[in-house]
Undergrad: 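Sharing a structure here in structure tokens format.
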Amino acid sequence: MSGKAVKIAYKPVGLLLGAGAGVLSGLIFKQVWKVAGHDDDAPNATDEDRGWGEVLIAAALQGAIFALVKAAVDRAGATGVRKATGQWPD
């Protein structure tokens with residue numbers, strides 16, 4: 001399989017992995033927030049009953065967890081493609 005064909009074939013796989021990473025990171029964040037924040041729900045940016053600090057910490061934590069999970073899932077997907085095809089998807 002040529003490098004271009006691998007790139008094209010990986011696109012839908014990458015999209016599915018990205019969606020899965022989003023779902024997984026959301027579940028992880030909810031659990032981390034329960035432990036760290038002692039609250040069932042993280043604050044929304046427009047929640048007037050929550051302070052700036054709590055809202056910004058929740059957003060930063062959620063972003064960091066999403067980035068970590070997405071990178072891990074993308075890397076695993078690319079590694080799997082290389083094992084299956086001998087080519088690294090770009």
Undergrad: Using side-chain contact (heavy atoms from CB on, under 4.5 Å) as the criterion, list what pairs up with Ala58, not counting sequence neighbours.
TA: Phe29, Trp33, Ala42, Pro43
Undergrad: Could you work out the complete set of other residues in the hydrophobic cluster of Leu56, with links drawn between I, L, V, M, F, W and Y side chains under 4.5 Å apart?
TA: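 The other cluster members (ILVMFWY side chains, heavy atoms under 4.5 Å, direct or chained) are Trp52.
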Undergrad: Between Ala45 and Val55, what is the shortest heavy-atom contact and its length?
TA: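 Closest approach of Ala45 to Val55: CA-CG1, 3.7 Å.
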Undergrad: Name all pairs fulfilling the side-chain hydrogen bond (donor to acceptor under 3.5 Å, both in side chains) condition that reach into residues 11-23, sequence neighbours left out, sorted by first residue then second.
TA: none
Undergrad: Tell me which pairs pass side-chain hydrogen bond (donor to acceptor under 3.5 Å, both in side chains) where either residue lies in residues 12-24, with sequence neighbours left out.
TA: none
Undergrad: Donor-acceptor pairs under 3.5 angstrom involving side-chain atoms of residues 12-27: please list them, not counting sequence neighbours.
TA:
{"from": "Ser25", "atom 1": "OG", "to": "Ala21", "atom 2": "O", "distance (Å)": "3.1"}
{"from": "Ser25", "atom 1": "OG", "to": "Gly22", "atom 2": "O", "distance (Å)": "3.0"}

Undergrad: What pairs with Ile8 under side-chain contact (heavy atoms from CB on, under 4.5 Å), at least two apart in sequence or on another chain?
TA: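 Testing Ile8 for side-chain contact (heavy atoms from CB on, under 4.5 Å), a comparison that skips the adjacent residues, returns Lys4.
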Undergrad: Donor-acceptor pairs under 3.5 Å, side chain of residues 69-79 to any protein atom, not counting sequence neighbours: which ones?
TA:
{"from": "Lys70", "atom 1": "NZ", "to": "Asp74", "atom 2": "OD2", "distance (Å)": "2.7"}
{"from": "Thr79", "atom 1": "OG1", "to": "Arg75", "atom 2": "O", "distance (Å)": "2.8"}

Undergrad: Could you name each residue pair satisfying salt bridge (Lys or Arg N to Asp or Glu O under 4.0 Å) that touches residues 41-50, not counting sequence neighbours?
TA: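 Residue pairs passing salt bridge (Lys or Arg N to Asp or Glu O under 4.0 Å), neighbours aside: Asp39-Arg50, Asp47-Arg50, Arg50-Glu54.
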